[in-house]
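Working notes, structure below.
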Protein chains: 2
Amino acid sequence: MAMKALSKATIYQVAQLAGVSIATVSRALRDSDLVTAETRERVRSAARELNFTPSRPARSLAEGRHAANGIVFPDLIGPYYAEVVLGYEATAAASGSSVLILATNGRPDAAAAVRELAGRVDGLTVMGRTVDDEVVAGIASAGLPVVLLARDPVDGVDTVRAGNSGTARALAEHLVGHGHRTITFLGDPDESPDVAGRYAGVRAGSKGARLTLVRGKGLDLDSGRRAAEQLLTHEKPDAVICANDEVALGVLLAASEHGLRVPEDLAVTGWDDLLAARFAGLTTVRQPMRELGATAARWLNRRIDENSGEQNRTAARRRILATELVIRQSCGSHEEVRS
Amino acid sequence: MAMKALSKATIYQVAQLAGVSIATVSRALRDSDLVTAETRERVRSAARELNFTPSRPARSLAEGRHAANGIVFPDLIGPYYAEVVLGYEATAAASGSSVLILATNGRPDAAAAVRELAGRVDGLTVMGRTVDDEVVAGIASAGLPVVLLARDPVDGVDTVRAGNSGTARALAEHLVGHGHRTITFLGDPDESPDVAGRYAGVRAGSKGARLTLVRGKGLDLDSGRRAAEQLLTHEKPDAVICANDEVALGVLLAASEHGLRVPEDLAVTGWDDLLAARFAGLTTVRQPMRELGATAARWLNRRIDENSGEQNRTAARRRILATELVIRQSCGSHEEVRS
DNA sequence: TTGAAAGCGGTACCAT
DNA sequence: ATGGTACCGCTTTCAA
């Protein structure tokens, strides 16, 4: 019994074993109809015997495409990004494209990493706070299809995002309706376009209340908790609108440590509707995370197809996916109030 | 002003513009010390002017390596996988490797997708319930470095996982210590090696109690909730040990709908220590998710280096990372009981 | 229908 | 130090 081939066989070996040329092997394996059924079968079995798989780099080099696309995101922490990436992967995979991921998190060389990635894919999706617009513009103008996700538009580049300001405004108005008069927005609008949009909406919806901006640094639980320590001993607002759920949950923790009741002594709201929000009774806003990723992947694919075909490039698209207010207990009692 | 090059320049164009051969360009750009500082600079600026980036496929083809590795996981839903993947990505990136992801979720052609992926990377990490051992063995025996994650070992392949049975046993004993006598394990041991390990541990720790196995199908919130409906109207145990947190949270929801108090009427435990568990007061087990991913990436890299170097291959490694019991309120009152 | 051969864009060896 | 050139493994004309 022959030893199984331990390293990769080449198309030449298959050709030799099948007694044909490499051109024929290539055709046979890709179901070209320029090969006899009989030949095809001979090639097939030779390939099987040698455990042959075409070299991806060789294929890509010859075809001039990678059959892969990439997504760049800040972090995978927090269910938010994970869901988006998942939606992206599922859609990309469905259209036969492999997916490369890159988390820029605390990376100092994010721009370089993104450029490197750009060389490995047929198209790139870039999320929020990852790299500067210049990097994006550079890549896009080099001819690589790009889709922006949860991020301010760049000239000529498609953008998909979730609604921020409208729902944020509704949220703020809801709080005011509860009778809250000193409201604090916890989060740094400079941290991400999403946060900026939310803050803008909150401002618009806070007429009749005093709104204070506290720039918490970071969007995780501990950031929220730390910021709250400060907040609850000084400003003492009666409502805190947080940039996202994790921060809000941190505030909830701090509040309980300070013996504050929510919502009686302090109303708290978040953004994202994480699983935890439900169990914490947190009023928040739901985003179509999966759909965000899926839409980006779909659009990117379209651009890639456009690129290869000779159709004239269509104008940059923009879409804002709807978000939804999720009222729970943390924003105030709803026994008597109806909203 | 010249138009920026809209498509990619090749090394030939750079060579021509710099007035040198492509060999020199290659050297200059890769900081070989076989080039004059002056030449290097000339090449550099030519490359910059043409906005040149070496073609990744061409490089890979010539070098015989991808400078990338991949990770295969069932799903990205639930913070568990997300954290693992993140830890993986961070470590892989730190060692200069791009990361390809593949979610096999409900994919019918998972095996084929994994094989495709295998052709794009220098090494592969395969998680839990994704593809059969045969697929893994096939890939590994073809010479591709593989690391298994949260999965039963395969001959000759490295395996990293988190402790299940020991901690599960401690968990069960804790419940028995609370006085619970009819315990149900909710989860299908056939669903994943992890669940199997947990069930085994629970069995060992349930001496003195009546243990029932209820094979819930699925590891998400709704599965838990549905299974609980059944459970709470029939078996009526006084404690439910769930395969993971999401299922447990589903049970919590169902219990509250049935007007059952937790833990007085029903004790519930989970596994993973999701963020939500904390806010639900859920007793659970914490896994070092990030570290699982990081370890896999590190090991894979070592294997890849071994492969290229001529060092003799070391024996397959196995490691079980420690997990930790996290006692909260859902398992029983701790006012009087001390554990 | 099949084969020969010219790329695809690099790397690295061998001369010079 | 630099240039010439033989690969790397596949796809795709162009002829036969």
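Here is how names work: the chains are called A, B, and so on, in the same order as the sequence lines, proteins then strands, and each is numbered from 1.
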Can you check whether [X] has a side-chain N or O nearer than 4.0 Å to OP1 or OP2 of [N]?
X: B:S55; N: C:dG9; result: no
X: A:T24; N: C:dT1; result: no
X: B:R59; N: C:dG9; result: no
X: A:R65; N: C:dC8; result: no

Do the side chains of [X] and [Y] get close enough for a salt bridge, i.e. N-O under 4.0 angstrom?
X: A:R129; Y: A:D75; answer: no
X: A:D122; Y: A:R303; answer: no
X: B:R120; Y: B:E116; answer: yes

Under 4.0 Å, heavy atoms only, any strand: does [X] hit a base, just the sugar-phosphate, or nothing?
X: A:V25; answer: nothing
X: A:R27; answer: base
X: B:T39; answer: sugar-phosphate
X: B:T53; answer: sugar-phosphate
X: A:S26; answer: base

How many whole angstroms separate atom [atom1] of [X] from atom [atom2] of [N]?
X: B:D31; N: D:dA1; atom1: CG; atom2: C1'; answer: 16 Å
X: B:R30; N: D:dA1; atom1: CZ; atom2: P; answer: 17 Å
X: B:L61; N: C:dC8; atom1: CG; atom2: P; answer: 14 Å
X: A:I11; N: D:dT12; atom1: CD1; atom2: P; answer: 11 Å
X: B:Q13; N: C:dG10; atom1: CD; atom2: C1'; answer: 13 Å
X: B:E63; N: D:dC7; atom1: CD; atom2: P; answer: 19 Å
X: A:L29; N: D:dG9; atom1: CG; atom2: P; answer: 16 Å
X: A:K8; N: D:dC10; atom1: NZ; atom2: P; answer: 12 Å

Checklist entry - Is the backbone of A:D152 close enough, under 3.5 Å, to the side chain of A:D133 for a donor and an acceptor to pair up by distance? => result no
Checklist entry - For B:L321, does its backbone N or O pair with a side-chain atom of B:E291 as donor and acceptor, under 3.5 Å? => result no
Options [options], nucleotide nearest the side-chain atoms of [X]:
X: B:A62; options: C:dT2, D:dC10, C:dG9; value: C:dG9
X: A:I22; options: D:dT5, D:dT11, D:dT2; value: D:dT11
X: A:A58; options: D:dG9, D:dT2, D:dT12; value: D:dG9
X: B:V35; options: C:dT1, D:dG3, D:dT2; value: D:dT2
X: B:A23; options: D:dT2, C:dA5, D:dG4; value: D:dG4

Item to check | Residue whose closest nucleotide on DNA chain D lies nearer the 5' end, B:Y12 versus B:R42 | outcome: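 First, find each residue's nearest nucleotide; the 5'-ward one identifies B:R42.
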Item to check | First of A:S21 and B:P54 reached from the 5' end of DNA chain C, by closest nucleotide | outcome: A:S21
Checklist entry - Counting only heavy atoms not in B:Q16, do more than 12 sit closer than 6.0 Å to its CD atom? => result no
